[in-house]
Amino acid sequence: MQQWLARSFSRRVGTARTSSKRFGTAEGHFYTASSFADVLADCDPQPTSPDGLTGQHIQAYVDFYEGRPVQQHYVKRLRTLLRGNPELPEDAWQALLSVRVKGPEIERPGSYPDADWQAIMTAVRRDVRLARERIEAGRRLLARWRADDPSLSLHQTEVGSLLDIFDRTGELPRTPSGDHTRAVVRAGGFRVLAQRLCLTRAEATAFCLLLTALTQENFGTVATWPAAHFHPGGAREDAELVLIEEAKPRRGPEREHMIAALEDLPADLADLFGTSSEEPRLMRSSFRLYQLLLSLSALPRRHGGTSAAFASLYLGSGKTGSSWGVGTDASDVLAWARSHGFPAARNAVPGGLPAVDVKRIRQTALERRRHPVAHSRRTLNELYLKGGRTVQADSRRVVAAALRQEVAKARAVQAVPVFTADFIAQARQDLAGAAAQVGLEPQSLKELLGAQRDTATVGCVDHLASPVAEPGQPCPASFLDCLSCGNARALPHQLPIQLAVRDGILQRRPNLDPALWRARFRDPLQQLEDIIDHYTDAERGKACADLTDDHQHLVDDLLDGRLDLR
């Protein structure tokens, strides 16, 4: 069984395309094989060969992790380890596939509030700025020494000669005992001199955090960027875009290699944001920040023999503790955060400094820009944005605004009161009582029933009391707008025209621009449908039969705008 598990492990870490590409993944497969062997050793009966594996042995492995949050993780790892194994019995493989273990609920990191975000970004930008100023000052001093500048002081001359040695060799003079010479000590020691020309590990971490925030890439992906890049327009001095090849092995062998595009902030956009000056623009341009990183890390990259963009000087302890560093990782982020006073996640308190979490930094950047990077739009929406507090708050505001708008529209678009045949019969018997019932003067109701107050589609209670004109002035609104007016009343003798207007609106829909049709006819159509729904099928059929040519001419003039005031 041990030999079989060794062969299974070898298949997963070999040179095949489906094999693991990272040492950490290989370690996980080895631990899975070892833990599976330990469980099988305690089973009764113990399998002596792969043919003896049964569903009982698989269940024993599942039960071994019962109650632990890692249970689902290791069941999935065992499936990966044994997938496609020709020596595994089919019933054991089916038993492994049939296991259903509920995974722990994973809460995605929330975005940083504005105050916490600014606190982290301020500290990051400060480190980038100080590193640039320090290294550029060291390079200027070295250039002056190499040019034999006579204005240099004795101390500056001594420091310049030591920087020249360090720039050429990557080391500073030492005594036979291995200690640095007195000249090095007088100049501040190895740390001070080396940092005049090199990025430190903490400063490289600050660069990586800032680039993560600007590009929305994973911190681990950015940390492995190479110094080699491609200008789409050639090696022009005014190029404002570079392409970098990056790798995300967890995407699989077919999709792990990707291209990251770093673009400068356009001049007109920089002016719009008020960042036309060089300093603010640097901190908002992934292109300029990457170029600055390559410049400041040139010496460590040259002497360290690496092509990585994040090359730095690792300042250890002892005579040989310092070395050339490549990349940056989670431990560097932790050290950077502690050195700047940011607490651990368990010690963070509301109102104080936040804990620094690279996942939350990327989440915040994604929520602020809401543009997919290294994933699909669906993944961005469902995995990153759907549960974000900022996005949820924005969504609530958008939905609330839309609901308020619809309520306002519903209130503005009033339903036209419809006088039914029964009401009209009642009015002919008792005009005063019917008028009081609907809140009208008897004379107004009489004229409405006699079609003396008809507009194109409805009757008007008082055309001198228009909501869009001064009191006493005739209403200047379009006859289609009568359907939205509080003075409108619908009567049965108007039904033929109302049906014809509705049909005319529907006939014009395919022949008009959709936006124009919605703006002119959507609300009137809805209001006409509401009026027509008050009548029975028989009443609508009789109204269609009563439609005359004069009615149709009136409808055409109305819908074509010939009845509107110019």
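For the numbers below, each heavy atom of this structure counts, side chains included, while hydrogens, waters and symmetry mates do not. All values derive from a computational prediction rather than experimental measurement.
Residues passing the ring-ring contact (aromatic ring centres under 6.0 Å, His included) test with Phe64: none are found, sequence neighbours excluded. Looking at residues two or more places apart in sequence or on another chain, you find a side chain to side chain contact (heavy atoms under 4.5 Å, CB included) between Pro50 and Met1, Trp4, Glu87. Under the side chain to side chain contact (heavy atoms under 4.5 Å, CB included) criterion, Ala311 pairs with Ser297, Pro300, Arg301, Thr306, not counting sequence neighbours. By the ring-ring contact (aromatic ring centres under 6.0 Å, His included) test, Tyr112 pairs with no residue at all, sequence neighbours left out. Applying the salt bridge (Lys or Arg N to Asp or Glu O under 4.0 Å) criterion to Arg134, with sequence neighbours excluded, gives Glu203. Under the ring-ring contact (aromatic ring centres under 6.0 Å, His included) criterion, His340 pairs with Trp336, sequence neighbours left out. With sequence neighbours excluded, the residues forming a side chain to side chain donor-acceptor pair (under 3.5 Å) with Arg168 are Asp164, listed by chain and number. When the side chain to side chain donor-acceptor pair (under 3.5 Å) test is applied to Tyr61, the partners found at least two apart in sequence or on another chain are Ser35. Listed by chain and number, the residues in a salt bridge (Lys or Arg N to Asp or Glu O under 4.0 Å) with Asp63 amount to none (sequence neighbours excluded). Listed by chain and number, the residues in a side chain to side chain donor-acceptor pair (under 3.5 Å) with Glu90 are Gln94 (sequence neighbours excluded). With sequence neighbours left out, the side chain to side chain donor-acceptor pair (under 3.5 Å) criterion links Thr80 to no other residue.
Rounding to the nearest 0.5 angstrom, the gap separating the CD atom in Glu245 from the OG1 atom in Thr224 is 10.5 Å. The line from CD1 of Ile361 to CG of Leu366 is 12.0 Å long, rounded to the nearest 0.5 Å. The distance from atom CZ of Phe166 to atom CZ of Phe190, rounded to the nearest 0.5 Å, is 4.5 Å. From Thr205, atom OG1 reaches atom CG of Leu210 across 12.5 Å, with rounding to the nearest 0.5 Å. Taking CD1 from Ile120 and OG1 from Thr364, the interatomic distance works out to 7.5 Å, rounded to the nearest 0.5 Å. Taking CG of Leu162 as the start and NE2 of His180 as the end, the distance is 10.0 Å to the nearest 0.5 Å.
Of the possible donor and acceptor atoms, none in the side chain of Gln291 sits under 3.5 Å from a partner among the backbone N and O of Phe287. Looking only at distances, no side-chain donor or acceptor of Arg174 sits under 3.5 Å from a matching main-chain atom of Asp179. For Arg370 (side chain) and Glu367 (main-chain N/O), a donor-acceptor pair under 3.5 Å exists by modelled atom type. Proximity of a side-chain donor or acceptor of Gln363 to a complementary backbone N or O of Gly110 within less than 3.5 Å is not detected. Under the 3.5 Å distance criterion, the side-chain polar atoms of Arg79 are matched with a main-chain donor or acceptor of Leu96. Although no hydrogens or angles enter the test, the distance criterion places a donor-acceptor pair under 3.5 Å between the side chain of Gln71 and the main chain of Val62. Under the 3.5 Å distance criterion, the side-chain polar atoms of Ser98 are matched with a main-chain donor or acceptor of Ala95. Checking side-chain atoms of Ser10 against main-chain N and O of Ala6 turns up no donor-acceptor pair under 3.5 Å.
Smallest separation of non-hydrogen atoms from Thr212 and Ala365: O-CB, 4.5 Å. Between Cys198 and Leu299, the shortest heavy-atom contact is SG-CD2, 3.4 Å. The minimum heavy-atom distance linking Tyr290 with Ala309 is given by the pair CE1-CB, 4.1 Å. Across all their heavy atoms, Leu353 and Ala348 have their closest contact at O-CB, 4.3 Å. The two atoms that bring Arg12 and Arg83 nearest to each other are NH2-O, 2.7 Å, heavy atoms only. Among all heavy-atom pairs drawn from Arg201 and Thr328, the shortest one is NH2-CA, 4.3 Å.
With hydrogens and angles left out, the side-chain atoms of His57 and Thr54 include a donor and acceptor closer than 3.5 Å. In this structure, a donor-acceptor pair under 3.5 Å is present between the side chains of Arg144 and Ser151.
Other residues, nucleotides and ligands contribute more than 12 heavy atoms inside 6.0 Å of the CD1 atom of Ile259. Atom CZ of Arg378 has 12 or fewer neighbouring heavy atoms from other residues, nucleotides or ligands inside a 6.0 Å radius. Annotation for Phe30: atom CZ does not count as buried by contact number, only 12 or fewer foreign heavy atoms lying within 6.0 Å. Remark: Arg338 CZ is packed, more than 12 non-hydrogen atoms of other residues, nucleotides or ligands lying under 6.0 Å away.
Legend: ring-ring contact (aromatic ring centres under 6.0 Å, His included) pairs involving residues 135-157, not counting sequence neighbours: none detected.
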Tell me, with the steps shown, if Ser331 and Asp329 meet side-chain hydrogen bond (donor to acceptor under 3.5 Å, both in side chains). CA-CA 6 Å; Ser331 62; Asp329 54 29; 2.6 Å; yes

In sequence, state the C-alpha distance, the side-chain angles, and the governing distance for Phe310 and Asp332, and then conclude on side-chain contact (heavy atoms from CB on, under 4.5 Å). CA-CA 12 Å; Phe310 290 89; Asp332 296 317; over 6 Å; no

Show your working on side-chain contact (heavy atoms from CB on, under 4.5 Å) between Ser295 and Arg139 and close with a plain yes or no. CA-CA 11 Å; Ser295 174; Arg139 289 176 175 174; 3.0 Å; yes

Apply side-chain contact (heavy atoms from CB on, under 4.5 Å) to residues Leu334 and Phe342 and explain how you reach the verdict. CA-CA 9 Å; Leu334 182 63; Phe342 293 101; over 6 Å; no

Could you go through Leu292 and Val128, starting from their C-alpha distance and side-chain angles, then the distance that decides it, and tell me whether this counts as side-chain contact (heavy atoms from CB on, under 4.5 Å)? CA-CA 9 Å; Leu292 177 62; Val128 170; 4.2 Å; yes

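Using a 4.5 Å cut-off on side-chain heavy atoms (C-beta onward), Arg368 and Trp117 make contact. Using a 4.5 Å heavy-atom threshold, the side chains of Leu154 and Glu158 count as separate.
Taking a cutoff of 4.0 Å between a charged side-chain nitrogen and a carboxylate oxygen, Asp167 and Arg196 do not qualify as a salt bridge.
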